[in-house]
Amino acid sequence: MTLTETTLLQALSAHPTWMSLQFLAAVTGGTEVEIEPSLAALRQQGRIEWNSAPPGFYRLASGSAEDALDALAPAERAALHRRLADFLTAQPSPDNFAALLSFHHHQIAAACLLERRFNEALALSREALAWAERSADNEILELRLGELADLYFHWGYFQDAEQAYRRALAILESAGGAPQAWVRAAQSLAAALAEQGKYGAALALLETCRGKLDPEKFPLETGVSELQLAQWHIATGGLREAEQNLKAVEDLSASADLSGLQPYLQLQRGKLEVVSGRLAAAFRIFAEAAEGLERQNDLAGKLEVMLSVSAPLLEHSLLREAQSLIGQLAGWEELKEFPALEHSVHLRRLALGAFSGTWAEEDLELLAQDDTKIGRAEDWLLFWFHLSLAARRLGNQTNVEIFLKRARRIADRIAEFLPSELRESFFRRPDVARIVRLTEPSVPTRQKVRARRSTLAGLAEAGTVAPPQAEKDTEK
């Protein structure tokens, strides 16, 4: 195949419908006279189809798409889709091509993501959504809303993700259709709500999901909902309910092939053990979860495990182990592919540095302005709590009070969205109860506790966590 034939085939592969001779010439950089012989050769080979309606149109024959585009690097693919979009935008009535323009902007955004150009991808996804809105096609609009919401979520802009997921879910509700599509969108919305600390709304939405699913017909969707319910019951201190959710996942796994959920089940079991105060058991379970997620090549899941390990280490002043673990996390090149989790690691690293006095007041003031805009509510809650522990360790009582007040403000904000029964259990959660206790003026702020030291060498590489071994006294 000649270079011209290859270029034409790539252009036809990137565009999902018919293209005129003028269109093809514009996006490939040739003239109509120059490309006609190559088009004739491709027709002879059966690679493309021709429609004789004036002025004559071409499209890719079925089965040819993947080969042509696979040879293009992400930047080359983005440039091709940009040329296609520019030609359509330059037409007298571009709204007539709104659906296609939405498609091409989405493809450019996807290519930018492959090169970690997240800001560009976000802007292009918004543009893809704008064209979808002009297309008046609800199916395309729902698709673009979901894609943009996923990107917001990936970046850590959970409030923006919530709004986009809500719009997508409303379209699905009005259209009817298969229940699993609605449930998957609802699960995504529930996750965006929970990351903002809106656990009550997230739990209520998942209970609705339960009513729409037959576990026998949709075991995977049911299992995911039960795992999410467990996670957020743990977050709100509902340990009994969380145990019931995890038992439901185990029962589903016994009757259906849900082995892929096992590491996520272990992750939630580990969190349950932490909240219950059983750190040795938690670390062993986290080790199994990390190994399983590594086998499934789920780096984001493994990062979540390691973040779950790092919090109790800081809370018990096990700083050598925390330094080893957080240092490994911060050094992962792949972390850049997960901006929301990278932000979580950044907060943990700042908290760890505070234990040695390496913080700047102006930096913390800037951070305080961000805790409602980006990142997970739980991460911010723990960040200010951990800073208060660091300040106490350094004897800086003024900052202890400042940081505890900020942690309490976030805890109160989370509680504001909870029904009364969940609010009570949330305030009984050990770390939250401690924040509340330490922000009450009549309660002493210095206590001696016993903590267990653990050895965590090699978690990032081996996916293992050693159980606590030696004891020491530490101040909390």
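What you are looking at is a predicted structure, and each value in this text was computed from that prediction instead of being measured.
For the pair R240 and E243, the salt-bridge criterion is not met [side-chain N within less than 4.0 Å of a carboxylate O]. Using a 4.0 Å cut-off between charged side-chain N and carboxylate O, E226 and K247 make no salt bridge. A salt bridge does not link R376 with E378: every distance from a Lys NZ or Arg NE/NH1/NH2 to an Asp or Glu carboxylate oxygen is 4.0 Å or more. Using a cutoff of 4.0 Å between basic side-chain nitrogens and carboxylate oxygens, K336 and E342 are not scored as salt-bridged. The existence of a salt bridge linking E162 and R166 is confirmed by a sub-4.0 Å separation between a basic side-chain nitrogen and an acidic carboxylate oxygen. Ion pairing between a basic and an acidic side chain is recognised when a charged N comes within 4.0 Å of a carboxylate O; E333 and R116 show such pairing. A salt bridge links R167 to E133: at least one charged side-chain nitrogen sits closer than 4.0 Å to a carboxylate oxygen. A salt bridge does not link D298 to K302: none of the charged side-chain nitrogens sits closer than 4.0 Å to a carboxylate oxygen.
Listed for the S102 side chain is a donor-acceptor partner under 3.5 Å among the backbone atoms of A128. The backbone N or O of L101 lies less than 3.5 Å from a partner atom in the side chain of H105, making a donor-acceptor pair. Between the side chain of S425 and the backbone N or O of T236, at least one donor-acceptor pair lies under 3.5 Å. A donor-acceptor pair is defined here as one N or O able to donate and one able to accept, closer than 3.5 Å; such a pair exists between the side chain of W380 and the backbone of I374. A distance-only check finds no donor-acceptor pair linking the side chain of R429 to the backbone of G237 [under 3.5 Å]. Side chain of R278 to main chain of E273: no donor-acceptor pair is present (N/O by atom type, distance under 3.5 Å, no hydrogens or angles). Judged purely by atom type and a 3.5 angstrom limit, H154 uses its side chain to pair as donor or acceptor with the backbone of E337. Under a 3.5 Å cut-off, the side chain of Q196 and the backbone N or O of A192 do form a donor-acceptor pair. Within the 3.5 Å criterion, the main-chain N or O of L69 finds a donor-acceptor partner in the side chain of R77. Remark: side-chain polar atoms of S324 are not paired, donor with acceptor, to backbone N or O of E321 under 3.5 angstrom.
We find the CZ-CZ distance between F158 and F153 to be 5.0 Å, quoted to the nearest 0.5 Å. Interatomic distance, Q159 CD to E195 CD, rounded to the nearest 0.5 Å: 14.0 Å. Of the inter-residue distances, the one linking I171 atom CD1 with L141 atom CG reads 4.0 Å to the nearest 0.5 angstrom. To the nearest 0.5 angstrom, R423 atom CZ is 12.5 Å from I414 atom CD1. Atom-to-atom distance recorded for E250:CD and L258:CG is 12.0 Å, nearest 0.5 angstrom. A distance of 7.0 Å separates CG of L122 from CH2 of W155, quoted to the nearest 0.5 Å.
Note on ring orientation: taking the six-membered ring where Trp is involved, the planes of F426 and Y199 are tilted (angle from 30° to 60°). Note: F283 and F286 have tilted aromatic rings, judged against thresholds of 30 and 60 degrees for the angle between ring planes. The aromatic rings of H343 and H346 sit tilted relative to each other, their planes meeting at an angle between 30° and 60°.
Here the closest heavy-atom approach between residue L325 and residue S310 is recorded as CD2-N, 3.8 Å. Here the shortest heavy-atom pairing between A300 and F338 reads CB-CE2, 3.7 Å. A111 and P74 get closest at one heavy-atom pair: CB-O, 3.4 Å. What you find for I108 and A78 is that their closest heavy atoms are CG1-O, 3.8 Å. When all heavy atoms of A164 and A149 are compared, the closest pair comes out as CB-CB, 3.5 Å. Looking at every heavy atom in both residues, V305 comes nearest to A290 through CG1-CB, 4.2 Å.
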Subject >> E221 vs V224, side-chain contact (heavy atoms from CB on, under 4.5 Å): CA-CA, chis, key distance, verdict >> reply: CA-CA 5 Å; E221 289 83 358; V224 170; 5.8 Å; no
**OP:** Given side-chain contact (heavy atoms from CB on, under 4.5 Å), test S308 with E304 step by step and report yes or no.
**Re:** CA-CA 6 Å; S308 300; E304 187 65 52; 4.1 Å; yes
Subject >> side-chain contact (heavy atoms from CB on, under 4.5 Å) evaluation trace for W332 with L303 >> reply: CA-CA 10 Å; W332 283 5; L303 283 167; 3.5 Å; yes
**OP:** Would you check, one step at a time, whether the test side-chain contact (heavy atoms from CB on, under 4.5 Å) holds for R348 with L329?
**Re:** CA-CA 10 Å; R348 292 291 159 85; L329 280 173; over 6 Å; no
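Annotation: side chain of V309 is not in contact with side chain of V274 (no heavy-atom distance under 4.5 Å). Two residues are said to be in side-chain contact when any heavy atoms from C-beta on lie closer than 4.5 Å; L227 and N245 fail this criterion. Residues Q266 and L293 have side chains not in contact (no heavy-atom distance under 4.5 Å, counting atoms from C-beta outward). Between Y264 and Q228 the shortest side-chain heavy-atom distance does not fall below 4.5 Å. With contacts defined as side-chain heavy-atom distances shorter than 4.5 Å, the pair N119/R117 does not qualify. The shortest side-chain heavy-atom distance between W384 and L404 does not fall under the 4.5 Å cut-off. Within the 4.5 Å cutoff, the side chain of V275 has heavy atoms near those of the P430 side chain. In this structure, E315 and L279 have side chains that are not in contact, with every pair of non-hydrogen atoms separated by 4.5 Å or more.
Aromatic pair H81/H106: ring centres not closer than 6.0 Å. Taking the six-membered ring for Trp and the full ring otherwise, the centers of F385 and F403 sit at least 6.0 Å from each other.
Residue D214 qualifies as enclosed at atom CG: its count of foreign heavy atoms under 6.0 Å is above 12. Environment of CD in E139: sparse, with no more than 12 heavy atoms of neighbouring residues, nucleotides or ligands closer than 6.0 Å.
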